[in-house]
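Heads up, the thing below is written out as C-alpha coordinates.
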Number of protein chains: 2
Amino acid sequence: MTSANQVKKNGNIRAKSQVKILTAARTEFVLQGYRGATVQSIADRAEMPKANILYYFKNKENIYHAVLEHTLEMWDEGIGDIEADKGPKVAIEKFIEAKVRMSFKHPEASKIYAMEIIQGAPHLKDYARTYQRQWVREKAKLFQQWIDNGEMANVDPVHLIFLIWSATQHYADFETQILTIMNRADFEEDDVQQVITFLCDIILRGCGLIK
Amino acid sequence: MTSANQVKKNGNIRAKSQVKILTAARTEFVLQGYRGATVQSIADRAEMPKANILYYFKNKENIYHAVLEHTLEMWDEGIGDIEADKGPKVAIEKFIEAKVRMSFKHPEASKIYAMEIIQGAPHLKDYARTYQRQWVREKAKLFQQWIDNGEMANVDPVHLIFLIWSATQHYADFETQILTIMNRADFEEDDVQQVITFLCDIILRGCGLIK
DNA sequence: ATTATTGTTAACCATTTAGTCAGATAGTTA
DNA sequence: TAACTATCTGACTAAATGGTTAACAATAAT
(Lines give C-alpha, C1' and ligand atoms only; values in the text may rest on other atoms or scores of the structure.)
Protein backbone atom coordinates (compact mmCIF):
# COMPACT_ATOMS: atom_id res chain seq x y z
CA MET A 1 0.00 0.00 0.00
CA THR A 2 1.37 3.34 -0.96
CA SER A 3 2.16 6.07 1.50
CA ALA A 4 -0.56 8.25 0.01
CA ASN A 5 -3.20 5.58 0.56
CA GLN A 6 -2.04 4.98 4.07
CA VAL A 7 -2.40 8.59 4.97
CA LYS A 8 -5.78 8.63 3.30
CA LYS A 9 -7.06 5.64 5.26
CA ASN A 10 -5.86 6.95 8.59
CA GLY A 11 -7.03 10.36 7.62
CA ASN A 12 -10.44 8.95 6.87
CA ILE A 13 -11.06 7.67 10.35
CA ARG A 14 -9.72 10.86 11.78
CA ALA A 15 -11.72 13.06 9.46
CA LYS A 16 -14.93 11.10 9.96
CA SER A 17 -14.60 11.14 13.72
CA GLN A 18 -13.90 14.84 13.72
CA VAL A 19 -16.91 15.59 11.57
CA LYS A 20 -19.10 13.47 13.82
CA ILE A 21 -17.78 15.27 16.89
CA LEU A 22 -18.11 18.74 15.39
CA THR A 23 -21.66 18.06 14.26
CA ALA A 24 -22.66 16.90 17.70
CA ALA A 25 -20.78 19.78 19.29
CA ARG A 26 -22.44 22.37 17.10
CA THR A 27 -25.85 21.18 18.19
CA GLU A 28 -24.88 21.10 21.85
CA PHE A 29 -23.34 24.57 21.73
CA VAL A 30 -26.49 25.98 20.15
CA LEU A 31 -28.78 24.20 22.60
CA GLN A 32 -26.79 24.80 25.79
CA GLY A 33 -24.31 27.57 25.10
CA TYR A 34 -20.57 27.24 25.52
CA ARG A 35 -20.53 26.53 29.23
CA GLY A 36 -23.72 24.53 29.19
CA ALA A 37 -22.46 22.10 26.59
CA THR A 38 -20.37 19.50 28.40
CA VAL A 39 -17.80 17.22 26.85
CA GLN A 40 -19.95 14.36 28.07
CA SER A 41 -23.08 15.69 26.39
CA ILE A 42 -21.15 16.09 23.13
CA ALA A 43 -19.86 12.54 23.53
CA ASP A 44 -23.37 11.23 24.13
CA ARG A 45 -24.70 12.96 21.06
CA ALA A 46 -21.78 11.74 18.94
CA GLU A 47 -22.18 8.27 20.44
CA MET A 48 -18.56 7.99 21.50
CA PRO A 49 -16.90 7.72 24.89
CA LYS A 50 -15.79 11.02 26.30
CA ALA A 51 -12.13 10.05 26.23
CA ASN A 52 -12.38 9.50 22.51
CA ILE A 53 -13.59 13.04 22.00
CA LEU A 54 -10.61 14.33 23.92
CA TYR A 55 -8.33 12.15 21.84
CA TYR A 56 -9.31 14.10 18.73
CA PHE A 57 -9.59 17.51 20.32
CA LYS A 58 -7.24 18.47 23.11
CA ASN A 59 -9.94 20.19 25.12
CA LYS A 60 -13.39 21.71 25.06
CA GLU A 61 -12.21 25.12 23.96
CA ASN A 62 -10.53 23.57 20.93
CA ILE A 63 -13.78 21.90 19.95
CA TYR A 64 -15.56 25.22 20.17
CA HIS A 65 -12.88 26.97 18.16
CA ALA A 66 -13.15 24.36 15.43
CA VAL A 67 -16.93 24.75 15.36
CA LEU A 68 -16.66 28.52 15.23
CA GLU A 69 -14.04 28.52 12.51
CA HIS A 70 -16.00 26.09 10.37
CA THR A 71 -19.11 28.21 10.88
CA LEU A 72 -17.44 31.41 9.77
CA GLU A 73 -15.89 29.78 6.71
CA MET A 74 -19.19 28.33 5.61
CA TRP A 75 -20.95 31.62 6.19
CA ASP A 76 -18.42 33.52 4.12
CA GLU A 77 -18.54 31.06 1.27
CA GLY A 78 -22.31 30.74 1.17
CA ILE A 79 -22.90 34.44 0.96
CA GLY A 80 -20.07 35.29 -1.30
CA ASP A 81 -19.83 38.80 -2.51
CA ILE A 82 -22.09 41.53 -3.73
CA GLU A 83 -21.93 41.61 -7.50
CA ALA A 84 -21.27 45.17 -8.48
CA ASP A 85 -21.46 44.98 -12.25
CA LYS A 86 -25.20 44.59 -12.76
CA GLY A 87 -26.34 47.58 -10.76
CA PRO A 88 -27.95 47.97 -7.34
CA LYS A 89 -31.21 46.14 -8.04
CA VAL A 90 -29.65 42.85 -9.05
CA ALA A 91 -26.90 43.20 -6.45
CA ILE A 92 -29.33 43.62 -3.57
CA GLU A 93 -31.65 40.92 -4.89
CA LYS A 94 -28.87 38.37 -5.19
CA PHE A 95 -27.49 39.27 -1.80
CA ILE A 96 -30.84 38.97 -0.05
CA GLU A 97 -31.56 35.67 -1.74
CA ALA A 98 -28.16 34.22 -0.78
CA LYS A 99 -28.56 35.29 2.83
CA VAL A 100 -32.11 34.03 3.19
CA ARG A 101 -31.23 30.66 1.67
CA MET A 102 -28.24 30.41 3.96
CA SER A 103 -30.41 31.19 6.99
CA PHE A 104 -32.90 28.46 6.19
CA LYS A 105 -30.23 25.94 5.22
CA HIS A 106 -27.83 26.43 8.11
CA PRO A 107 -29.66 28.05 10.99
CA GLU A 108 -27.24 26.62 13.58
CA ALA A 109 -24.36 28.47 11.95
CA SER A 110 -26.19 31.75 12.29
CA LYS A 111 -27.23 30.91 15.83
CA ILE A 112 -23.72 30.17 17.01
CA TYR A 113 -22.48 33.36 15.46
CA ALA A 114 -25.34 35.34 17.00
CA MET A 115 -24.70 33.99 20.48
CA GLU A 116 -21.04 34.77 20.14
CA ILE A 117 -21.77 38.39 19.24
CA ILE A 118 -24.49 38.83 21.85
CA GLN A 119 -22.08 37.76 24.57
CA GLY A 120 -19.54 40.28 23.37
CA ALA A 121 -17.61 38.07 20.94
CA PRO A 122 -15.24 36.70 23.61
CA HIS A 123 -13.85 34.01 21.32
CA LEU A 124 -13.68 36.02 18.12
CA LYS A 125 -10.23 37.18 17.17
CA ASP A 126 -9.67 40.74 16.12
CA TYR A 127 -9.03 39.80 12.52
CA ALA A 128 -12.62 38.64 12.21
CA ARG A 129 -13.90 41.94 13.48
CA THR A 130 -11.66 44.18 11.45
CA TYR A 131 -12.23 42.03 8.39
CA GLN A 132 -15.92 42.67 8.74
CA ARG A 133 -15.42 46.39 9.14
CA GLN A 134 -13.42 46.36 5.94
CA TRP A 135 -16.14 44.43 4.14
CA VAL A 136 -18.85 46.84 5.23
CA ARG A 137 -16.76 49.88 4.31
CA GLU A 138 -16.17 48.50 0.86
CA LYS A 139 -19.80 47.65 0.15
CA ALA A 140 -20.98 50.92 1.65
CA LYS A 141 -18.75 52.77 -0.78
CA LEU A 142 -20.29 50.85 -3.64
CA PHE A 143 -23.82 51.74 -2.53
CA GLN A 144 -22.78 55.35 -2.11
CA GLN A 145 -21.60 55.48 -5.72
CA TRP A 146 -24.96 54.19 -6.90
CA ILE A 147 -26.65 56.82 -4.77
CA ASP A 148 -24.42 59.57 -6.13
CA ASN A 149 -25.20 58.39 -9.67
CA GLY A 150 -28.90 58.65 -8.91
CA GLU A 151 -29.32 54.92 -9.39
CA MET A 152 -30.97 54.45 -6.00
CA ALA A 153 -32.56 56.48 -3.22
CA ASN A 154 -30.40 58.30 -0.71
CA VAL A 155 -30.37 55.83 2.19
CA ASP A 156 -27.51 55.28 4.60
CA PRO A 157 -25.53 52.39 3.06
CA VAL A 158 -24.15 51.07 6.36
CA HIS A 159 -27.57 50.89 7.96
CA LEU A 160 -28.90 49.31 4.79
CA ILE A 161 -26.38 46.51 5.21
CA PHE A 162 -27.42 46.11 8.86
CA LEU A 163 -31.03 45.95 7.77
CA ILE A 164 -30.40 43.19 5.26
CA TRP A 165 -28.28 41.24 7.73
CA SER A 166 -30.81 41.46 10.51
CA ALA A 167 -33.89 40.78 8.41
CA THR A 168 -32.38 37.69 6.82
CA GLN A 169 -30.61 36.21 9.83
CA HIS A 170 -33.75 36.64 11.87
CA TYR A 171 -35.23 33.60 10.13
CA ALA A 172 -32.32 31.49 11.35
CA ASP A 173 -31.87 32.84 14.85
CA PHE A 174 -35.54 33.18 15.75
CA GLU A 175 -36.60 30.03 13.93
CA THR A 176 -38.37 28.70 17.03
CA GLN A 177 -40.40 31.84 17.57
CA ILE A 178 -41.31 32.21 13.92
CA LEU A 179 -42.45 28.60 13.63
CA THR A 180 -44.59 29.03 16.73
CA ILE A 181 -46.16 32.22 15.45
CA MET A 182 -46.77 30.78 12.00
CA ASN A 183 -48.06 27.63 13.69
CA ARG A 184 -45.80 25.37 11.68
CA ALA A 185 -43.57 22.42 12.41
CA ASP A 186 -41.05 23.08 9.65
CA PHE A 187 -40.26 25.42 6.82
CA GLU A 188 -40.70 24.40 3.21
CA GLU A 189 -39.27 25.71 -0.03
CA ASP A 190 -42.38 27.82 -0.53
CA ASP A 191 -41.73 29.64 2.72
CA VAL A 192 -38.17 30.39 1.69
CA GLN A 193 -39.34 31.75 -1.63
CA GLN A 194 -41.99 33.85 0.05
CA VAL A 195 -39.49 35.42 2.40
CA ILE A 196 -37.13 36.20 -0.46
CA THR A 197 -39.94 37.79 -2.44
CA PHE A 198 -41.19 39.77 0.54
CA LEU A 199 -37.79 41.12 1.55
CA CYS A 200 -36.71 41.95 -1.99
CA ASP A 201 -40.01 43.66 -2.62
CA ILE A 202 -39.99 45.85 0.44
CA ILE A 203 -36.28 46.65 0.52
CA LEU A 204 -35.98 47.35 -3.18
CA ARG A 205 -38.99 49.64 -3.00
CA GLY A 206 -37.49 51.17 0.14
CA CYS A 207 -34.36 51.92 -1.88
CA GLY A 208 -36.39 53.38 -4.72
CA LEU A 209 -35.41 50.54 -7.03
CA ILE A 210 -38.89 49.44 -8.08
CA LYS A 211 -42.11 51.31 -8.88
CA MET B 1 -43.82 52.33 64.61
CA THR B 2 -46.86 51.14 62.71
CA SER B 3 -47.19 47.75 61.19
CA ALA B 4 -47.24 49.26 57.71
CA ASN B 5 -43.93 51.00 58.30
CA GLN B 6 -42.40 47.86 59.66
CA VAL B 7 -43.31 45.90 56.59
CA LYS B 8 -42.05 48.72 54.45
CA LYS B 9 -38.69 48.84 56.17
CA ASN B 10 -38.18 45.10 55.98
CA GLY B 11 -39.54 45.10 52.50
CA ASN B 12 -37.07 47.80 51.59
CA ILE B 13 -34.03 45.75 52.44
CA ARG B 14 -35.54 42.78 50.71
CA ALA B 15 -36.54 44.74 47.65
CA LYS B 16 -33.21 46.54 47.41
CA SER B 17 -31.24 43.35 47.76
CA GLN B 18 -33.35 41.64 45.16
CA VAL B 19 -32.90 44.47 42.69
CA LYS B 20 -29.16 44.43 43.28
CA ILE B 21 -29.05 40.69 42.72
CA LEU B 22 -31.23 40.77 39.62
CA THR B 23 -29.17 43.56 38.09
CA ALA B 24 -25.96 41.64 38.64
CA ALA B 25 -27.57 38.43 37.45
CA ARG B 26 -28.87 40.01 34.26
CA THR B 27 -25.37 41.11 33.34
CA GLU B 28 -23.85 37.74 34.15
CA PHE B 29 -26.49 35.84 32.19
CA VAL B 30 -25.89 38.02 29.14
CA LEU B 31 -22.12 37.74 29.42
CA GLN B 32 -21.86 34.05 30.24
CA GLY B 33 -25.19 32.45 29.37
CA TYR B 34 -27.36 30.53 31.79
CA ARG B 35 -24.92 27.77 32.60
CA GLY B 36 -21.87 29.99 32.42
CA ALA B 37 -23.17 32.43 34.99
CA THR B 38 -22.41 30.98 38.41
CA VAL B 39 -24.08 31.93 41.64
CA GLN B 40 -20.63 32.96 42.83
CA SER B 41 -20.08 35.26 39.85
CA ILE B 42 -23.46 36.87 40.44
CA ALA B 43 -22.55 37.28 44.11
CA ASP B 44 -19.23 38.88 43.21
CA ARG B 45 -20.87 41.33 40.85
CA ALA B 46 -23.57 42.16 43.40
CA GLU B 47 -20.89 42.43 46.10
CA MET B 48 -22.62 40.03 48.47
CA PRO B 49 -21.67 36.62 49.82
CA LYS B 50 -23.04 33.75 47.82
CA ALA B 51 -25.13 32.47 50.70
CA ASN B 52 -26.90 35.80 50.82
CA ILE B 53 -27.94 35.46 47.21
CA LEU B 54 -29.43 32.07 47.97
CA TYR B 55 -31.21 33.53 50.96
CA TYR B 56 -33.23 35.78 48.67
CA PHE B 57 -33.62 33.36 45.78
CA LYS B 58 -34.05 29.69 46.50
CA ASN B 59 -31.82 28.61 43.63
CA LYS B 60 -30.14 29.66 40.40
CA GLU B 61 -33.10 28.79 38.23
CA ASN B 62 -35.31 31.06 40.32
CA ILE B 63 -32.92 33.94 39.74
CA TYR B 64 -33.05 33.33 36.04
CA HIS B 65 -36.82 33.13 36.03
CA ALA B 66 -37.05 36.42 37.87
CA VAL B 67 -34.69 38.04 35.38
CA LEU B 68 -36.63 36.64 32.44
CA GLU B 69 -39.99 37.67 33.84
CA HIS B 70 -38.81 41.19 34.58
CA THR B 71 -37.34 41.40 31.09
CA LEU B 72 -40.54 40.37 29.39
CA GLU B 73 -42.65 42.76 31.46
CA MET B 74 -40.38 45.67 30.68
CA TRP B 75 -40.32 44.79 27.01
CA ASP B 76 -44.09 44.64 26.83
CA GLU B 77 -44.56 47.91 28.63
CA GLY B 78 -41.90 49.80 26.71
CA ILE B 79 -43.31 48.91 23.34
CA GLY B 80 -46.92 49.14 24.19
CA ASP B 81 -49.36 48.73 21.38
CA ILE B 82 -49.72 49.71 17.80
CA GLU B 83 -52.04 52.67 17.62
CA ALA B 84 -54.63 51.83 15.06
CA ASP B 85 -56.61 55.05 14.90
CA LYS B 86 -54.16 57.28 13.05
CA GLY B 87 -53.57 55.06 10.06
CA PRO B 88 -50.67 52.86 8.96
CA LYS B 89 -48.04 55.56 8.53
CA VAL B 90 -48.22 56.91 12.06
CA ALA B 91 -48.74 53.43 13.50
CA ILE B 92 -45.59 52.02 11.90
CA GLU B 93 -43.57 55.14 12.68
CA LYS B 94 -44.50 55.08 16.35
CA PHE B 95 -43.89 51.38 16.60
CA ILE B 96 -40.45 51.55 15.00
CA GLU B 97 -39.47 54.48 17.18
CA ALA B 98 -40.57 52.72 20.37
CA LYS B 99 -38.70 49.55 19.47
CA VAL B 100 -35.51 51.33 18.46
CA ARG B 101 -35.47 53.42 21.64
CA MET B 102 -36.06 50.30 23.68
CA SER B 103 -33.19 48.52 21.96
CA PHE B 104 -30.73 51.29 22.69
CA LYS B 105 -31.97 51.83 26.24
CA HIS B 106 -32.16 48.21 27.38
CA PRO B 107 -29.98 46.09 25.14
CA GLU B 108 -29.52 43.45 27.85
CA ALA B 109 -33.22 42.79 27.91
CA SER B 110 -33.26 42.13 24.21
CA LYS B 111 -30.11 40.03 24.47
CA ILE B 112 -31.49 37.76 27.14
CA TYR B 113 -34.66 37.30 25.20
CA ALA B 114 -32.71 36.59 22.01
CA MET B 115 -30.51 33.98 23.66
CA GLU B 116 -33.55 32.31 25.12
CA ILE B 117 -35.20 32.03 21.70
CA ILE B 118 -32.02 30.97 19.91
CA GLN B 119 -31.61 28.07 22.31
CA GLY B 120 -35.19 26.99 21.66
CA ALA B 121 -36.92 28.90 24.46
CA PRO B 122 -36.39 26.16 27.08
CA HIS B 123 -37.46 28.40 29.95
CA LEU B 124 -40.31 30.17 28.25
CA LYS B 125 -43.72 28.92 29.20
CA ASP B 126 -46.32 28.24 26.58
CA TYR B 127 -48.38 31.22 27.57
CA ALA B 128 -45.59 33.50 26.41
CA ARG B 129 -45.54 31.82 23.04
CA THR B 130 -49.24 31.66 22.45
CA TYR B 131 -49.63 35.20 23.73
CA GLN B 132 -47.19 36.34 21.07
CA ARG B 133 -48.97 34.42 18.35
CA GLN B 134 -52.17 36.15 19.38
CA TRP B 135 -50.49 39.55 19.29
CA VAL B 136 -49.10 38.98 15.81
CA ARG B 137 -52.41 37.68 14.49
CA GLU B 138 -54.20 40.73 15.78
CA LYS B 139 -51.75 43.23 14.33
CA ALA B 140 -51.55 41.34 11.06
CA LYS B 141 -55.30 41.60 10.72
CA LEU B 142 -55.05 45.34 11.26
CA PHE B 143 -52.42 45.70 8.53
CA GLN B 144 -54.50 43.54 6.22
CA GLN B 145 -57.42 45.91 6.62
CA TRP B 146 -55.25 48.85 5.67
CA ILE B 147 -54.03 46.90 2.65
CA ASP B 148 -57.59 45.99 1.65
CA ASN B 149 -58.57 49.65 1.98
CA GLY B 150 -55.73 50.60 -0.35
CA GLU B 151 -54.03 52.57 2.42
CA MET B 152 -50.74 50.74 2.03
CA ALA B 153 -48.97 48.41 -0.42
CA ASN B 154 -49.79 44.75 -0.51
CA VAL B 155 -47.03 43.30 1.65
CA ASP B 156 -47.33 40.26 3.88
CA PRO B 157 -48.29 41.67 7.32
CA VAL B 158 -46.71 38.86 9.35
CA HIS B 159 -43.38 39.17 7.60
CA LEU B 160 -43.61 42.92 7.95
CA ILE B 161 -43.81 42.49 11.71
CA PHE B 162 -40.83 40.14 11.62
CA LEU B 163 -38.92 42.70 9.60
CA ILE B 164 -39.56 45.47 12.09
CA TRP B 165 -38.70 43.24 15.03
CA SER B 166 -35.47 42.04 13.52
CA ALA B 167 -34.28 45.36 12.19
CA THR B 168 -34.85 47.15 15.50
CA GLN B 169 -33.66 44.44 17.89
CA HIS B 170 -30.52 44.03 15.84
CA TYR B 171 -29.16 47.23 17.36
CA ALA B 172 -29.49 45.72 20.82
CA ASP B 173 -28.37 42.16 20.17
CA PHE B 174 -25.51 42.95 17.80
CA GLU B 175 -24.41 46.07 19.66
CA THR B 176 -20.84 44.83 19.87
CA GLN B 177 -20.56 44.14 16.17
CA ILE B 178 -22.20 47.39 15.16
CA LEU B 179 -19.98 49.46 17.41
CA THR B 180 -16.91 47.74 15.98
CA ILE B 181 -18.01 48.30 12.41
CA MET B 182 -18.94 51.92 13.06
CA ASN B 183 -15.68 52.29 14.96
CA ARG B 184 -17.35 53.75 18.00
CA ALA B 185 -17.14 53.26 21.74
CA ASP B 186 -20.75 54.13 22.52
CA PHE B 187 -23.97 55.20 20.93
CA GLU B 188 -25.30 58.72 21.32
CA GLU B 189 -28.76 60.23 20.93
CA ASP B 190 -27.87 61.25 17.36
CA ASP B 191 -27.26 57.64 16.42
CA VAL B 192 -30.60 56.62 17.82
CA GLN B 193 -32.33 59.33 15.87
CA GLN B 194 -30.49 58.37 12.71
CA VAL B 195 -31.55 54.75 13.01
CA ILE B 196 -35.16 55.74 13.57
CA THR B 197 -35.11 58.02 10.55
CA PHE B 198 -33.41 55.42 8.37
CA LEU B 199 -35.75 52.58 9.29
CA CYS B 200 -38.92 54.67 9.07
CA ASP B 201 -37.79 56.03 5.74
CA ILE B 202 -37.01 52.72 4.11
CA ILE B 203 -39.84 50.69 5.60
CA LEU B 204 -42.52 53.31 5.04
CA ARG B 205 -41.39 53.67 1.44
CA GLY B 206 -41.29 49.88 1.22
CA CYS B 207 -44.92 49.84 2.31
CA GLY B 208 -45.83 52.52 -0.19
CA LEU B 209 -46.58 55.01 2.58
CA ILE B 210 -44.31 57.84 1.41
CA LYS B 211 -43.44 59.27 -1.97
C1' DA C 1 6.50 -11.90 12.40
C1' DT C 2 7.64 -8.00 14.61
C1' DT C 3 7.45 -3.29 15.34
C1' DA C 4 5.27 1.23 15.10
C1' DT C 5 1.39 3.97 14.73
C1' DT C 6 -3.22 5.12 15.33
C1' DG C 7 -7.46 4.56 17.59
C1' DT C 8 -10.37 3.15 21.76
C1' DT C 9 -11.76 3.08 26.42
C1' DA C 10 -12.45 2.46 31.58
C1' DA C 11 -10.91 4.26 35.65
C1' DC C 12 -9.24 7.98 37.96
C1' DC C 13 -8.31 12.87 39.75
C1' DA C 14 -8.50 17.82 40.82
C1' DT C 15 -11.51 21.50 40.61
C1' DT C 16 -15.71 23.83 40.29
C1' DT C 17 -20.41 24.39 41.39
C1' DA C 18 -25.16 24.49 43.38
C1' DG C 19 -27.10 24.21 47.36
C1' DT C 20 -27.30 23.44 52.84
C1' DC C 21 -26.81 24.63 57.53
C1' DA C 22 -25.91 26.35 61.89
C1' DG C 23 -24.75 30.10 64.12
C1' DA C 24 -24.01 35.27 64.38
C1' DT C 25 -25.98 39.96 64.10
C1' DA C 26 -29.18 43.48 63.75
C1' DG C 27 -33.70 45.30 63.90
C1' DT C 28 -38.71 45.10 65.82
C1' DT C 29 -42.31 44.34 69.03
C1' DA C 30 -44.36 43.67 73.52
C1' DT D 1 -35.46 44.11 78.93
C1' DA D 2 -36.69 39.95 76.69
C1' DA D 3 -38.50 37.46 72.93
C1' DC D 4 -38.86 37.32 68.16
C1' DT D 5 -37.92 37.82 63.39
C1' DA D 6 -35.30 39.03 59.37
C1' DT D 7 -30.78 39.34 57.55
C1' DC D 8 -26.16 37.81 56.95
C1' DT D 9 -22.26 34.65 56.35
C1' DG D 10 -18.37 31.09 56.76
C1' DA D 11 -17.93 26.42 56.46
C1' DC D 12 -19.42 22.36 54.55
C1' DT D 13 -21.13 18.61 51.14
C1' DA D 14 -22.48 15.95 47.19
C1' DA D 15 -22.50 15.96 42.45
C1' DA D 16 -20.77 17.32 38.04
C1' DT D 17 -17.14 18.44 35.03
C1' DG D 18 -12.74 18.94 32.34
C1' DG D 19 -9.03 16.59 31.67
C1' DT D 20 -5.26 12.60 32.41
C1' DT D 21 -3.47 8.10 32.23
C1' DA D 22 -2.49 3.62 31.31
C1' DA D 23 -3.77 -0.35 29.23
C1' DC D 24 -5.69 -2.47 25.23
C1' DA D 25 -7.12 -3.15 20.14
C1' DA D 26 -6.70 -2.51 15.33
C1' DT D 27 -4.12 -1.38 11.46
C1' DA D 28 -0.03 -0.50 8.77
C1' DA D 29 5.13 -0.74 7.86
C1' DT D 30 9.45 -3.20 7.91
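Side chains are part of it too, since the values below use all heavy atoms of this structure and drop only hydrogens, waters and symmetry mates. Just so it is clear, the structure is predicted and the values come from calculations on it, not from any experiment.
Contact annotation: A/R14 side-chain N/O to C/dT6 OP1/OP2 distance is not under 4.0 Å. Note on A/Y56: a side-chain N or O is less than 4.0 Å away from OP1 or OP2 of C/dT8.
Among residues at least two apart or in separate chains, there is no ring pair (Phe, Tyr, Trp, His ring centres under 6.0 Å) pair with a member in residues 41-61 of chain B.
Seen from the ring of B/F29, B/K111 does not count as a face-on cation partner, given the 6.0 Å and 45° thresholds. Remark: B/K99 fails to qualify as a cation-pi partner of B/F104 under the 6.0 Å distance and 45° angle criteria applied to the six-membered ring.
Using a 4.0 Å cut-off between charged side-chain N and carboxylate O, B/K86 and B/E93 make no salt bridge.
Look at CD1 on B/I53: it is 12 Å from C1' on D/dC8, rounded to the nearest Å. A/K16 has its NZ atom 17 Å from the C1' atom of C/dT8, to the nearest Å. Here D/dT7 presents its P atom at 4 Å from OH of B/Y55, a figure rounded to the nearest Å. Look at CG on A/N12: it is 21 Å from P on C/dT5, rounded to the nearest Å. Between the C1' atom of C/dT6 and the CD atom of A/Q18 lies a distance of 13 Å, rounded to the nearest Å. When the P atom of C/dA18 is taken as reference, atom CG of B/N52 falls 16 Å away, rounded to whole Å. Atom CG of B/N62 is separated from atom C1' of C/dT20 by 16 Å (rounded to the nearest Å). In this structure, the CD1 atom of B/I42 is 11 Å from the C1' atom of C/dA18, given to the nearest Å.
Residues B/H159 and A/Y171 bring their aromatic ring centres within 6.0 Å.
Put simply, the residue from B/E116, B/H123, B/R26, B/E69 that forms a side-chain hydrogen bond (donor to acceptor under 3.5 Å, both in side chains) with B/Y64 is B/E116.
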Q) How does each nucleotide of nucleotides 15-24 of chain D score, in 5' to 3' order, for protein heavy atoms under 4.0 Å: base (B), sugar-phosphate only (S), or none (-)? A) --SBBB----
